[in-house]
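Just so it is clear, the model here is predicted, and its values are computed rather than measured.
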Amino acid sequence: MTDKDKRRNFLDYLEVQEAFDAKVAEIDRIDKFDTSFGVDTSAPFESWDAGEADNVDLLNNYRYSPSPTGTLKAVISQVPLNYEEVTFIDFGSGKGRVLLVASEFPFKRIIGVELSGHLCNIATQNVTQYDSASKRCHNIEIRHQSAEEFEIPDDAGVFYFYEPFSSTVAERVLENIERSLRRAPRAAVICLVGRALVPVVEGRELWVPFGPVVQSPDDDYFDARLFAVHAGGPYLHDR
């Protein structure tokens with residue numbers, strides 16, 4: 001590929017990204033999540049903007065873009081576990097929107113794992129600021145570390161991924177999750193928003209699809225797939 005072709009491909013990518021960001025911004029404008037709660041979760045954030053990432057990080061960890069709140073609620077409401085018994089993990093938690101919306105469900109605990117210290121600081125402020133009458137989980141933690149190095153708690157039962165990183169990183173994170181499940185057998189569910197990591201999970205023997213595709217009320221790009229494992233823990237149940 002010539003340098004000219006590379007530049008053309010990059011410009012095409014930027015054009016698609018700009019159109020996607022405009023679509024997400026319109027969803028947020030209608031939803032008014034940030035303005036309703038005085039938080040900062042809407043604006044996309046590129047990994048290189050804070051000057052923290054090296055070339056390997058930039059290659060494997062993707063930009064922050066918010067999950068629409070309607071999609072989040074639709075996905076979490078389909079999780080076939082007793083919320084009170086499990087910890088919810090969001091990988092690549094960014095500015096913390098997933099954590100805030102998840103707190104409206106009575107999870108035992110909620111943890112966001114994020115590589116960028118800059119985004120962790122914003123998320124911490126958002127968690128502090130967030131005051132919703134429907135909030136049901138007040139135990140929210142933000143871990144500033146690589147997803148690959150994050151030690152999976154033995155009570156973790158819901159793992160949320162919105163295309164946060166490359167399939168290479170995802171494979172290592174899944175290995176960590178499976179190691180935790182062998183150490184402490186239990187039911188667990190992976191929530192995948194978007195299509196990028198679906199082949200990675202489908203290629204692993206432990207995980208099986210649960211239910212139909214969760215249709216996003218915001219845009220079909222955000223349609224989600226749930227994968228479940230039952231490893232001696234409480235039985236999965238339909239919502």
Heavy-atom distance under 4.5 Å between the side chains of Val101 and Lys73, does that happen here? yes
Is it true that Arg172 and Glu148 have a side-chain N and a carboxylate O under 4.0 angstrom from each other? yes
Do Trp207 and Glu202 have side-chain N/O donor and acceptor atoms under 3.5 Å apart? no
Which word best sums up how the rings of Phe105 and Phe107 line up, parallel for under 30°, tilted for 30 to 60°, or perpendicular for over 60°? tilted
Flag the pair Tyr130 / Ser103 as yes when at least one side-chain heavy-atom distance between them is below 4.5 Å, and no otherwise. yes
Is any side-chain heavy atom of Phe150 less than 4.5 Å from a side-chain heavy atom of Ile89? yes
Partners meeting side-chain hydrogen bond (donor to acceptor under 3.5 Å, both in side chains) with Ser93 (sequence neighbours left out): none
side-chain hydrogen bond (donor to acceptor under 3.5 Å, both in side chains), that's the test. Do Asp223 and Ser216 meet it? Break it down for me. CA-CA 5 Å; Asp223 287 351; Ser216 168; 4.9 Å; no
Of Thr41, Asp90, Asn126, the one forming a side chain to side chain donor-acceptor pair (under 3.5 Å) with Arg97 is Thr41
Shortest non-hydrogen separation from Asp40 to Lys95 and the atoms involved: O-CD, 3.4 Å
Set of residues satisfying side-chain hydrogen bond (donor to acceptor under 3.5 Å, both in side chains) with respect to Arg179, sequence neighbours excluded: Asn176
Taking all atoms of both residues into account, what is the closest heavy-atom pair of Leu192 and Phe227, and its distance? CD1-CE1, 3.8 Å
Is any NZ, NE, NH1 or NH2 atom of the basic residue among Arg109 and Glu141 found under 4.0 Å from an Asp or Glu carboxylate oxygen of the other? yes
Please check if any side-chain donor atom of Tyr64 sits under 3.5 Å from a side-chain acceptor atom of Ser116, or the reverse. no
